[in-house]
Amino acid sequence: MPASPNPCGPALADWSGRQLPAPRRVAIAYSAGADSTALLLAARSRWPGRVHAIHIHHGLQSAADEFEQQARAFCAAHDVALTVLRVNAAAAPGQSPEDAARRARYEALAREGLDLEADAVLLGHHADDQAETVLLALSRGSGLPGLSGMAESFVRHGMAFGRPLLPLRAVALRQWLDAEGLAYVEDPSNADPRLTRNRIRHVLSPAWEACFPGYQEALARTARHAAQAQALLDELAAADLAAVGEPPAIAALQALARVRQGNALRMWLKRCAGHAPSEAQLSELLDQIAACTTRGHRLQIRVSAGTVQRAGERLLYLPPI
């Protein structure tokens, strides 16, 4: 028996009570690091016999084989089923290594989660990760979707994912594991200053902590407020799109205030193109819509990889050929 309770236990109980009250099977994205190790043990305790660990071998560093060995040894010692998946996480031209690894990881986790018929794949992201996400969004000039940070639950590639540890600080997890003598790996890439999140973690976050102790909770509050505001904007966009139609009627759009036009068009283009337009693209599109005062006025602007054009009295999104 552990000398002290796992700090993940109450957070997992609160999250699952709202999001996953009676799962048949739960998958854990298990890197063998501290966060996922603490989460795996809490899930094993809460749902005995219903937990399956998934370890992703990225193959990007020499330590990856050691991570896999630790994952296998730990799961065997704690009687947890484990699947190890090897993915190609090499970055494409123009893609950051972080984005490439993240994309490959989520695709593999979703595929395996569906194969396992798991009700959800749980991730070990915590309050420090959330704070870093918000700081990154602030540095990029992101809108409300970025400032909303990481959602506590979401669906990707047809699979439900959950982040039950968002209320917890990383130090609490590590202190508990160390006190219990439980092994976990340290990813050497976490010290690589070429990675944006590492610069935030090792340079920016300590400065914020020095000026505003416990700032992580304040940024988490900001993320929650932003998410609530975005949810209201999404409701308004859905109502406006229902009124102007899909594809949108130009005259009906022009009857809306410019900010409401932009809000509705973001949702429409995200549905059509899979991505919201940039600020510059949306501003140009709104200008061109305002200028559509005659039947012969043409409209054409590039959005994502496709184009928005005028088709009679409506807008039309043409995907790339």
Side-chain angles (χ1 to χ4, degrees), residues 94-96 98-100 102-103 106 123 125-157 161 163 166 195-197 199-201 204-205 208 212 215-244 246-248 252-290 299 301-308 315 317 319:
Q95 186 181 34
S96 77
E98 295 164 290
D99 288 340
R102 186 182 305 110
R103 186 181 299 275
Y106 275 114
L123 308 168
H125 297 130
H126 45 64
D128 298 70
D129 296 321
Q130 182 75 299
E132 291 169 7
T133 299
V134 176
L135 288 173
L136 182 59
L138 285 168
S139 70
R140 290 174 171 173
S142 300
L144 287 176
L147 294 178
S148 298
M150 297 183 292
E152 69 170 9
S153 61
F154 60 100
V155 175
R156 187 170 299 179
H157 305 300
F161 286 84
R163 297 185 176 104
L166 288 180
L195 302 179
T196 304
R197 276 190 176 269
R199 295 196 297 274
I200 292 176
R201 184 173 304 146
L204 188 56
S205 292
W208 274 64
F212 307 104
Y215 76 95
Q216 292 86 353
E217 174 52 34
L219 290 187
R221 248 188 342 267
T222 295
R224 290 194 294 271
H225 293 327
Q228 291 167 3
Q230 185 59 52
L232 292 174
L233 288 176
D234 287 344
E235 285 190 18
L236 180 61
D240 283 341
L241 282 178
V244 304
E246 294 186 65
L253 277 173
Q254 290 171 333
L256 298 175
R258 183 180 174 99
V259 289
R260 286 181 65 171
Q261 291 181 42
N263 189 47
L265 288 170
R266 280 191 198 95
M267 177 172 283
W268 174 61
L269 288 169
K270 193 170 183 179
R271 291 174 177 176
C272 294
H275 299 281
S278 68
E279 182 180 18
Q281 289 173 336
L282 184 60
S283 179
E284 174 62 22
L285 178 56
L286 291 171
D287 288 344
Q288 291 197 29
I289 289 171
L299 183 154
I301 182 171
R302 186 176 181 84
V303 174
S304 187
T307 57
V308 176
L315 298 180
Y317 177 75

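Note that the structure is predicted; figures quoted are calculated from it, not measured.
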Give, for atom CZ of R199 and atom CG of L204, the distance between the pair rounded to the nearest 0.5 Å. 11.0 Å
Would you find a donor on one side and an acceptor on the other, under 3.5 Å apart, between the side chain of T307 and the backbone of V303? no
For the pair S139 (side chain) and L136 (backbone), establish whether a donor and an acceptor sit closer than 3.5 Å, ignoring hydrogens and angles. yes
Where do Q254 and Q261 come nearest, in terms of heavy atoms and distance? CA-NE2, 3.9 Å
Out of curiosity, I289 CD1 to R258 CZ, how far, rounded to the nearest 0.5 Å? 9.0 Å
What one should report as the nearest heavy-atom pair of L219 and A131 is CD1-O, 3.8 Å
Below 4.0 angstrom, N of the basic side chain to O of the carboxylate: do E217 and R224 qualify? yes
CH2/W268 to OH/Y317 distance, rounded to the nearest 0.5 angstrom? 9.0 Å
To the nearest 0.5 Å, what is the distance between CG on L236 and CG on D240? 4.5 Å
Residue list, salt bridge (charged side-chain N to carboxylate O under 4.0 Å, His left out) with E152, at least two apart or on another chain: R18
With heavy-atom distances below 4.5 Å as the criterion, would you say the side chains of E246 and R271 are in contact? yes
Which value, rounded to the nearest 0.5 Å, describes the distance between L253 atom CG and L286 atom CG? 8.5 Å
Output side-chain donor-acceptor pairs under 3.5 Å for residues 227-235, partner residues at least two apart or in another chain, one line each.
residue, atom, partner, partner atom, Å
Q230, NE2, D234, OD1, 2.9

Backbone N/O of L138 and side chain of S142: donor-acceptor pair under 3.5 Å: no
Taking side chain as C-beta onward, heavy atoms only, is L123 less than 4.5 Å from F161? yes
Closest approach of V134 to A223 (non-hydrogen atoms, all atoms of both residues): CG2-CB, 4.0 Å
Has Q216 got a side-chain atom pairing as donor or acceptor with D128's backbone, closer than 3.5 angstrom? no
Between R197 and D129, the two heavy atoms sitting closest are NH1-O, 3.6 Å
For H157, is the NE2 atom crowded, meaning more than 12 foreign heavy atoms sit under 6.0 Å from it? yes
Under 4.5 Å between any side-chain heavy atoms of L315 and L265, yes or no? yes
Minimum heavy-atom separation for P277 to L269, with atom names? CG-CD1, 3.8 Å
Residues, nucleotides or ligands: over 12 heavy atoms within 6.0 Å of F154 CZ: yes
Would you say that N263 contacts M267 through its side chain, given a criterion of any heavy-atom pair below 4.5 Å between the two side chains? no
Yes or no on side-chain contact (heavy atoms from CB on, under 4.5 Å) for L135 and W208, after CA distance, side-chain angles and deciding distance? CA-CA 10 Å; L135 288 173; W208 274 64; 3.5 Å; yes
Hey, is the main chain of R302 close enough, under 3.5 Å, to the side chain of Q281 for a donor-acceptor pair? yes
For V244 and A252 the tightest heavy-atom approach is CG1-CB, 3.7 Å
Is there a side-chain hydrogen bond (donor to acceptor under 3.5 Å, both in side chains) between Y215 and S205 once you walk through the steps? CA-CA 9 Å; Y215 76 95; S205 292; 3.1 Å; yes
Reported CG-to-NE2 distance for the pair L166 and H125, which is rounded to 0.5 angstrom: 8.5 Å
